[in-house]
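Before any comments, here is the structure.
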Number of protein chains: 2
Amino acid sequence: MLKITRKVEYALMALRHMQEKEKGAVTTASDIAERYTIPNEILAKTMQLMARENIVEAVQGPRGGYRIKADLEKINLTEFFETLEGPLGLMDCYFDSECVQINCCTIRSPIQKINDNLRNMFSNMTVQEITSA
Amino acid sequence: MLKITRKVEYALMALRHMQEKEKGAVTTASDIAERYTIPNEILAKTMQLMARENIVEAVQGPRGGYRIKADLEKINLTEFFETLEGPLGLMDCYFDSECVQINCCTIRSPIQKINDNLRNMFSNMTVQEITSA
DNA sequence: ATTTACCCGATTAAAATAGTCGGGTACAAT
DNA sequence: ATTGTACCCGACTATTTTAATCGGGTAAAT
């Protein structure tokens with residue numbers, strides 16, 4: 001429990017990789033996949049997702065690839081995680097959920113407080129802190 | 001991602017329930033399961049686990065049940081989570097793992113720092129804070 | 001003895017995550 | 001124009017993790 005997903009890991013590794021290149025240079029998804037032994041198509045998808053979300057910019061065609069578009073110092077980890085994986089919460093009942101305990105759950109509000117702390121912690125860290133630490 | 005498990009939720013609800021009764025009184029696993037619509041046998045297992053770990057005490061036979069044994073103010077959440085679910089970490093590679101990226105992973109140490117913060121946060125909270133907030 | 005309630009390993013089911021496949025579109029170079 | 005490279009994307013399958021079930025026990029009060 002309390003794990004981050006592969007997708008998030010791959011995304012961070014890719015961003016870090018691109019950040020080490022000259023600004024404006026592009027890198028192909030398969031270059032990154034090969035470099036870090038990441039399954040090609042799953043990284044491709046992750047890059048596409050980040051492109052849709054304007055974290056990176058895609059350049060199509062031969063000599064194309066991706067480059068960083070957003071200012072990584074301005075994206076906090078709560079935002080980043082939610083962009084890639086959807087709503088963040090220790091329990092599902094804070095967003096969706098037809099949990100059978102919904103009306104008799106006695107720990108919902110105490111856990112909610114912990115959840116707030118957690119979100120807070122992640123909101124106070126930027127993607128940049130991971131990609132260049 | 002970053003979810004706590006059902007088992008942990010059930011355990012906390014059970015502890016909270018027992019805590020509301022007079023000290024020394026026992027409650028059966030099926031009473032608790034019924035009260036909160038928890039599948040009987042999964043709660044039973046969870047209670048057995050907590051009994052093995054000396055968090056609760058089991059009284060066998062008719063009129064038996066469980067009562068709280070440990071001082072819940074002295075159990076922090078890191079301990080509690082690890083007792084129920086094993087080692088705590090945002091990524092697997094901090095304990096087990098034959099991760100293919102193990103030698104080329106560029107985000108391991110930054111994530112490790114976040115992991116330390118997370119553990120720290122949970123280590124500074126007690127089970128009591130959840131069961132009686 | 002019988003009944004109640006804990007004990008526990010093995011198994012199955014369901015859900016979440018991870019990875020694959022196939023058929024597209026954009027565009028630079030020739 | 002054609003070719004080749006690289007992004008795009010929905011649908012699908014496999015794997016892993018989590019949740020729940022089953023079956024056959026043991027302890028103890030009445």
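Every chain is numbered from 1, with letters handed out A, B, ... down the list of sequences. Values reported hereafter were calculated over all heavy atoms of this structure, with side chains retained and with hydrogens, waters and symmetry mates removed.
Atom CG in A:Asn40 sits roughly 9 Å away from atom P in C:dT20 (whole-Å rounding). When rounded to the nearest whole Å, the span between CD of B:Gln60 and P of C:dC6 equals 9 Å. Between the CE atom of A:Met13 and the C1' atom of C:dA18 there is a distance of 15 Å, rounded to whole Å. If you measure from atom CD of B:Glu98 to atom P of D:dT15, you get 16 Å, rounded to the nearest angstrom. In this structure, B:Tyr66 places its OH atom 13 Å from C1' of C:dT4, rounding to the nearest Å. In this structure, the CG atom of B:Leu43 is 15 Å from the P atom of C:dC8, given to the nearest Å. Spacing between atom CG of B:Leu49 and atom P of C:dG9 amounts to 11 Å, rounded to whole angstrom units. Rounded to an integer number of Å, the gap from CE of B:Met47 to P of C:dC7 is 9 Å.
Between B:Gln48 and A:Pro62, the residue anchored nearer the 5' end of DNA chain C, judged by the nucleotide with its closest heavy atom, is B:Gln48. Nearest-nucleotide positions on DNA chain D for A:Glu41 and A:Leu2 put A:Glu41 closer to the 5' end. Comparing A:Glu9 and A:Arg63 by the nucleotide of DNA chain C whose heavy atom lies nearest to each, the residue mapping closer to the 5' end is A:Glu9. Both A:Ala44 and B:Gly61 lie near DNA chain D, and the one whose nearest nucleotide falls closer to the 5' end is A:Ala44.
Listed nucleotides C:dC6, D:dT21, C:dC27 differ in distance to B:Ile42; the shortest reach to its side chain belongs to D:dT21. For A:Arg6, counting side-chain heavy atoms from C-beta on, the closest listed nucleotide (D:dA20, D:dT26, C:dG19) is C:dG19. Side-chain proximity of B:Asp92 to the nucleotides D:dC22, C:dT20, D:dT17 is greatest for D:dT17. Candidate nucleotides C:dT17, D:dA20, C:dT20 were compared by shortest atom distance to the side chain of B:Pro39, and D:dA20 ranks first. Listed candidates were C:dT20, D:dT18, C:dA18. Nearest to the side chain of A:Met1 is D:dT18.
With respect to the salt-bridge test (charged N to carboxylate O, under 4.0 angstrom), the residues B:Arg16 and B:Glu20 qualify. Here A:Glu82 pairs with A:Arg119 in a salt bridge; the nearest charged N to carboxylate O distance falls below 4.0 Å.
Between the side chain of B:Lys45 and the base of C:dG9, a donor-acceptor pair under 3.5 Å is found.
Annotation: salt bridge (Lys or Arg N to Asp or Glu O under 4.0 Å) contacts of B:Asp71 (sequence neighbours excluded): B:Lys74.
Distances shown here put a side-chain N or O of B:Arg52 below 4.0 Å from the OP1 or OP2 atom of C:dC8. Considering only side-chain N and O atoms, A:Tyr10 lies under 4.0 angstrom from the phosphate OP1 or OP2 of C:dG19.
Residue contacts shown for B:Ala29 are limited to sugar-phosphate atoms, with no base heavy atom under 4.0 Å away.
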Legend entry - Pair A:Gln19-A:Thr131, side-chain hydrogen bond (donor to acceptor under 3.5 Å, both in side chains): steps then yes or no: CA-CA 8 Å; A:Gln19 204 167 40; A:Thr131 57; 2.8 Å; yes
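Under the 3.5 Å distance criterion, with hydrogens and angles disregarded, a donor-acceptor pair is assigned to the side chains of B:Glu85 and B:Thr5.
Listed here is the closest heavy atom pair of A:Ala33 and A:Leu43: N-CD2, 3.4 Å.
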